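Please read the structure below before turning to the comments.
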Amino acid sequence: MRAAPVMGSRSKVVPRSADGLVESLPAVRPYDKETGFCRSRDARQKRASGTRYAMSTPLPRDEKLKVIRHSASHVMAEAVLRLFPEAKFAIGPSIENGFYYDFELPRPLVADDLGKIEAIMKEILKGKHDFVRKELSREEAKKLFADQPYKLELIEDLPEGETISTYEQDGYLDLCRGPHVVNTAAIHPDAIKLMSIAGAYWRGDEKRQMLTRIYGTAWDSPQALKDYLKLQEELEKRDHRKLGRELDLFHLDDENPGEVFWHPRGWSIYLRIQNYVRQKIKAGGYVEVNTPFVMPKSLWERSGHWAKYQENMFITESEKRQFALKPMNCPGHVEIFKQGIKSYRDLPLRIAEFGSCTRNEASGALHGIMRVRGFVQDDAHIFCTEEQIGSEVVRFCALLKDIYRDFGFGDDRISVKLSTRPEKRIGDDATWDRAEAGLAEACKAGGFEYEISPGEGAFYGPKLEFTLVDALGRGWQCGTMQIDYQLPSAERLNATYVGEDGEKHHPVMLHRAILGSLERFIGILIEQFSGAFPVWLAPEQIAVIPIAPNFHEYASKVADRLDAAGFLAVADLSDGRMNAKIREAQSRKVPYMLVVGQKEQDEDAVSVRLRDGRQMNGMKFADFASYVKEKVDSKSLEL
RNA sequence: GCCAAGAUAGCUCAGUUGGCAGAGCAGCUCACUCGUAAUGAGCAGGUCUUCGGUUCGAUUCCGAAUCUUGGCUCCA
């Protein structure tokens with residue numbers, strides 16, 4: 001979900017656009033006709049040359065914003081230079097919603113500094129300075145940036161023959177390809193805001209210098225900035241950590257980082273999602289198993305995890321033997337596959353598990369319930385022949401679509417990436433060719449268009465990654481489908497089946513998940529629905545509210561009958577007044593509130609207040625029950 | 001793990017230029033026969049994250065640890 005950075009553009013720049021404010025953009029960016037991907041480079045991508053980025057047709061405004069943002073980063077650099085004349089400059093690209101610039105500074109920044117820098121920026125912007133482009137030779141550039149080690153490194157790494165250019169505004173000179181606005185007047189001083197300070201490794205490499213990164217946001221009008229800040233507020237309101245506490249779904253304990261304590265309401269959602277998936281995969285031809293949380297070092301050595309994944313595993317010991325908490329379920333499933341003799345007639349064998357995994361994630365990577373150390377995957381491994389890969393992938397795509405749709409994510413909310421062979425890999429190229437081509441073809445046959453992430457595959461095979469796009473346009477990677485020839489091989493866990501020819505063969509293993517982890521998926525749902533879950537998932541579907549203590553008895557009778565009919569209904573018999581009870585139920589985001597008094601009691605009816613404020617008064621009890629049943633059964637997103 | 005910023009009542013936050021710690025909401029008690037987003041009154045609630053240091057005195061200043069947040073790296 002990242003915009004292609006402007007820094008990556010290699011294009012020549014033409015001086016002036018029609019409105020005179022933004023340089024015209026190159027008509028054609030380097031473009032690969034065969035794949036339809038634009039080529040651009042990005043420092044974050046480890047300088048892999050020829051890295052390709054998918055490009056959706058850019059709106060002119062998007063391009064304009066990129067130019068504004070990139071120019072704002074130069075203005076910020078100028079402001080920082082005024083404050084810290086000895087600052088060293090790294091890179092300052094435009095990013096989604098804004099820009100950043102990385103600096104090496106003589107001291108850490110404090111919150112006050114951001115305000116100061118922003119004030120200087122505004123002053124610079126008001127000065128109406130031109131951005132002046134100059135092209136120069138490599139030698140000239142090196143001389144010019146002699147005291148800027150990061151710039152020098154960038155110059156060194158520019159390919160032979162590359163045009164080297166600088167941009168200068170108000171006396172601040174920076175190495176840059178452009179394009180930029182022609183004058184700082186193109187950036188409204190009230191349409192920019194500095195957001196935060198963060199550390200970032202030079203060139204994204206954790207072994208290199210840690211720089212100070214300042215993030216800012218920039219827009220083409222003060223109103224656009226306001227809208228953006230408002231959206232940020234909206235995001236805060238939806239934050240699953242906040243809602244998780246407010247709705248009493250779960251808690252996280254500071255003493256036990258990265259592990260979720262599910263409260264009754266949260267667990268109720270969890271179980272319904274799990275049982276839903278359980279029923280779907282059963283219908284999809286999977287068998288469900290369960291494998292141990294703790295498994296011996298010897299197994300992890302054979303599987304390769306001990307060598308490749310050890311630092312992410314919690315290791316424990318008993319009677320001088322070492323064990324590890326499982327970070328993945330695959331070896332366990334291979335162990336099950338290996339019990340007894342398998343025939344080609346048993347394939348494909350689809351082994352599923354709600355696998356409880358524990359990974360020792362870096363403390364800084366933890367985030368609410370989205371990124372934790374203990375989580376459960378809706379995992380499965382499909383053991384099949386090479387010929388069966390295609391049909392299995394197609395089948396998987398159908399199941400995934402079906403499940404995502406029930407959670408409100410239609411086809412237009414799913415994006416797919418095909419990750420191809422990485423540099424460090426095992427297996428021969430012919431196998432990789434077959435695996436990649438097969439996966440690509442099956443993905444299309446499964447009804448998905450995909451983008452390619454070159455070199456992002458697992459070391460043992462290519463993979464498909466399925467990303468959900470939520471109500472606010474954010475992407476969450478959930479589903480995955482990976483082809484693995486290695487783990488079942490003789491060198492690893494040595495799984496075999498007897499083929500038609502009577503010989504032993506190694507099956508191919510497909511690692512796949514749809515929700516990814518239940519914890520993360522529920523976090524996504526909380527944010528997607530702002531905690532207002534669809535009826536079929538709501539932890540409390542119906543709150544029965546008597547208008548006065550006289551009607552407590554009728555209220556509990558209504559709740560009991562609804563409960564017996566399989567709904568999650570609670571009668572609020574507390575001391576409070578009706579209005580307060582409605583308010584409380586509303587803040588618990590209960591879909592249906594039943595207000596009951598004399599009228600309802602006389603007619604065996606309920607007056608329904610929906611979460612969205614609508615009312616359906618004087619509904620017969622039986623009518624209401626069937627109304628809700630329909631919503632639950634159809635997994636309706638509507639009330 | 002790395003960089004930076006934080007940690008005060010169950011929650012959201014105020015506060016002390018170093019001198020007995022504050023509010024709103026939630027909780028508890030009592031009263032209230034009430035029709036679609038807060039009835040009123042009262043009570044209780046904190047070793048100011050932890051451990052060291054400076055000081056007559058530290059919640060406040062300094063150091064360290066733990067955790068959280070925002071990034072980086074990684075990733076379900």
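Owing to the predicted nature of the structure, the values given are computational and were not obtained by experimental measurement. Within every chain, numbering begins at 1; the chains are lettered A, B, ... in the order of the sequence lines, protein sequences first and strands thereafter.
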Remember a base hit wins even if backbone is also touched, and classify [X] as base, sugar-phosphate or nothing at under 4.0 Å, heavy atoms.
X: Glu246(A); value: nothing
X: Ala580(A); value: sugar-phosphate
X: Gln209(A); value: nothing
X: Gln377(A); value: sugar-phosphate
X: Asn550(A); value: base
X: Met210(A); value: base
X: Asn617(A); value: base
X: Ser587(A); value: nothing
X: Gln477(A); value: sugar-phosphate
X: Val372(A); value: base
X: Lys581(A); value: nothing

Residue list, side-chain contact (heavy atoms from CB on, under 4.5 Å) with Gln601(A), at least two apart or on another chain: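 side-chain contact (heavy atoms from CB on, under 4.5 Å) list for Gln601(A), sorted by chain: Phe551(A), Tyr554(A).
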For [X], give me all partners under side chain to side chain donor-acceptor pair (under 3.5 Å), at least two apart in sequence or on another chain.
X: Thr480(A); answer: Gln482(A)
X: Glu259(A); answer: none
X: Lys631(A); answer: none

Please list, one pair per line, the donor and acceptor atoms closer than 3.5 Å that link side chains of residues 523-533 of chain A to other protein atoms, with sequence neighbours excluded.
| from | atom 1 | to | atom 2 | distance (Å) |
| --- | --- | --- | --- | --- |
| Glu527(A) | OE1 | Arg474(A) | NH1 | 3.1 |
| Glu527(A) | OE1 | Arg474(A) | NH2 | 3.1 |
| Glu527(A) | OE2 | His240(A) | N | 2.8 |
| Glu527(A) | OE2 | His240(A) | ND1 | 2.9 |
| Gln528(A) | OE1 | Ala471(A) | N | 2.7 |
| Ser530(A) | OG | Arg238(A) | NE | 3.2 |

Contact nearer the 5' end of RNA chain B, comparing Cys478(A) with Ala548(A):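 Its nearest nucleotide lies further toward 5', so the answer is Ala548(A).
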Toward the 5' end of RNA chain B, by each residue's nearest nucleotide, Ile369(A) or Met578(A):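 First, find each residue's nearest nucleotide; the 5'-ward one identifies Met578(A).
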Under 3.5 Å, which N/O atoms of the protein pair with N/O atoms of nucleotides 41-44 of chain B?
none

Can you say whether a donor on the side chain of [X] sits under 3.5 Å from an acceptor on the base of [N], or the other way round?
X: Tyr201(A); N: rG1(B); result: yes
X: Glu361(A); N: rA76(B); result: yes
X: Arg520(A); N: rA76(B); result: no
X: Arg213(A); N: rC3(B); result: no

Once you round it to whole Å, what is the distance between [atom2] of [N] and [atom1] of [X]?
X: Phe551(A); N: rU36(B); atom1: CZ; atom2: C1'; value: 15 Å
X: Asp205(A); N: rU73(B); atom1: CG; atom2: P; value: 10 Å
X: Met313(A); N: rC75(B); atom1: CE; atom2: P; value: 15 Å
X: Arg577(A); N: rC34(B); atom1: CZ; atom2: C1'; value: 6 Å
X: Met370(A); N: rG71(B); atom1: CE; atom2: P; value: 13 Å
X: Leu639(A); N: rU36(B); atom1: CG; atom2: P; value: 20 Å
X: His251(A); N: rC11(B); atom1: NE2; atom2: P; value: 11 Å
X: Tyr100(A); N: rC72(B); atom1: OH; atom2: P; value: 8 Å

Polar side chain donor-acceptor pair, Tyr286(A) to Arg512(A), under 3.5 angstrom: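 The answer is yes; a qualifying pair exists.
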Phe103(A): ring pair (Phe, Tyr, Trp, His ring centres under 6.0 Å) partners, not counting sequence neighbours: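 Phe103(A) satisfies ring pair (Phe, Tyr, Trp, His ring centres under 6.0 Å) with Phe89(A), Tyr101(A) once adjacent residues are dropped.
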Same-atom distance (P) from rU36(B) to rC32(B), integer angstrom: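 The same atom, P, in both gives a distance of 23 Å.
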P spacing across the pair rC56(B) / rG18(B), given as an integer number of angstrom: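 It comes out at 16 Å once rounded to the nearest Å.
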OP1 or OP2 of rU12(B) under 4.0 Å from side-chain N/O of Arg245(A):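 Result: yes.
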Arg609(A) vs rA37(B): side-chain N/O to OP1/OP2 distance below 4.0 Å: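 For Arg609(A), the contact criterion (side-chain N or O under 4.0 Å from OP1 or OP2 of rA37(B)) is met.
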Pairs where residues 543-553 of chain A contributes a residue and the test salt bridge (Lys or Arg N to Asp or Glu O under 4.0 Å) is met, not counting sequence neighbours: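 Salt bridge (Lys or Arg N to Asp or Glu O under 4.0 Å) check on residues 543-553 of chain A returns no pairs.
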Pairs involving residues 246-256 of chain A, ordered by first then second residue, that meet salt bridge (Lys or Arg N to Asp or Glu O under 4.0 Å) (sequence neighbours left out):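 Those involving residues 246-256 of chain A are Lys242(A)-Glu246(A).
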All pairs passing side-chain hydrogen bond (donor to acceptor under 3.5 Å, both in side chains) where residues 575-587 of chain A contributes a residue, at least two apart: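 Non-adjacent pairs meeting side-chain hydrogen bond (donor to acceptor under 3.5 Å, both in side chains): Gln586(A)-Arg609(A).
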Might you list the N or O atoms of the protein lying below 3.5 Å from N or O atoms in nucleotides 68-70 of chain B, with each pair's distance?
| from | atom 1 | to | atom 2 | distance (Å) |
| --- | --- | --- | --- | --- |
| rU69(B) | OP1 | Arg241(A) | NH1 | 3.0 |
| rU69(B) | O3' | Arg241(A) | NH1 | 3.4 |
| rG70(B) | OP1 | Arg241(A) | NH1 | 3.4 |
| rG70(B) | OP1 | Arg241(A) | NH2 | 2.9 |
| rG70(B) | OP2 | Arg241(A) | NH1 | 3.4 |
| rG70(B) | OP2 | His367(A) | ND1 | 3.4 |

Identified ring-ring contact (aromatic ring centres under 6.0 Å, His included) counterpart of Phe448(A) within the set Tyr404(A), Phe396(A), Phe466(A):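 Of Tyr404(A), Phe396(A), Phe466(A), ring-ring contact (aromatic ring centres under 6.0 Å, His included) with Phe448(A) is met by Phe466(A) alone.
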5'-to-3' dot-bracket of RNA chain B (Watson-Crick, G-U; under 3.5 angstrom; crossing pairs as [ ]; | other strand): (((((((..((((.....[..)))).(((((.......))))).....(((((..]....))))))))))))....
Near-ring test Tyr215(A)/Tyr100(A), centroid separation under 6.0 angstrom: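 They qualify: ring centres under 6.0 Å apart.
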Nearest non-hydrogen partners of Ala90(A) and Tyr150(A), listed with the distance: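 Shortest heavy-atom contact: CA-CB, 3.8 Å.
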Salt bridge flag under 4.0 Å for residues Lys151(A) and Glu153(A):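 Not counted as a salt bridge, because no side-chain N and carboxylate O are separated by less than 4.0 Å.
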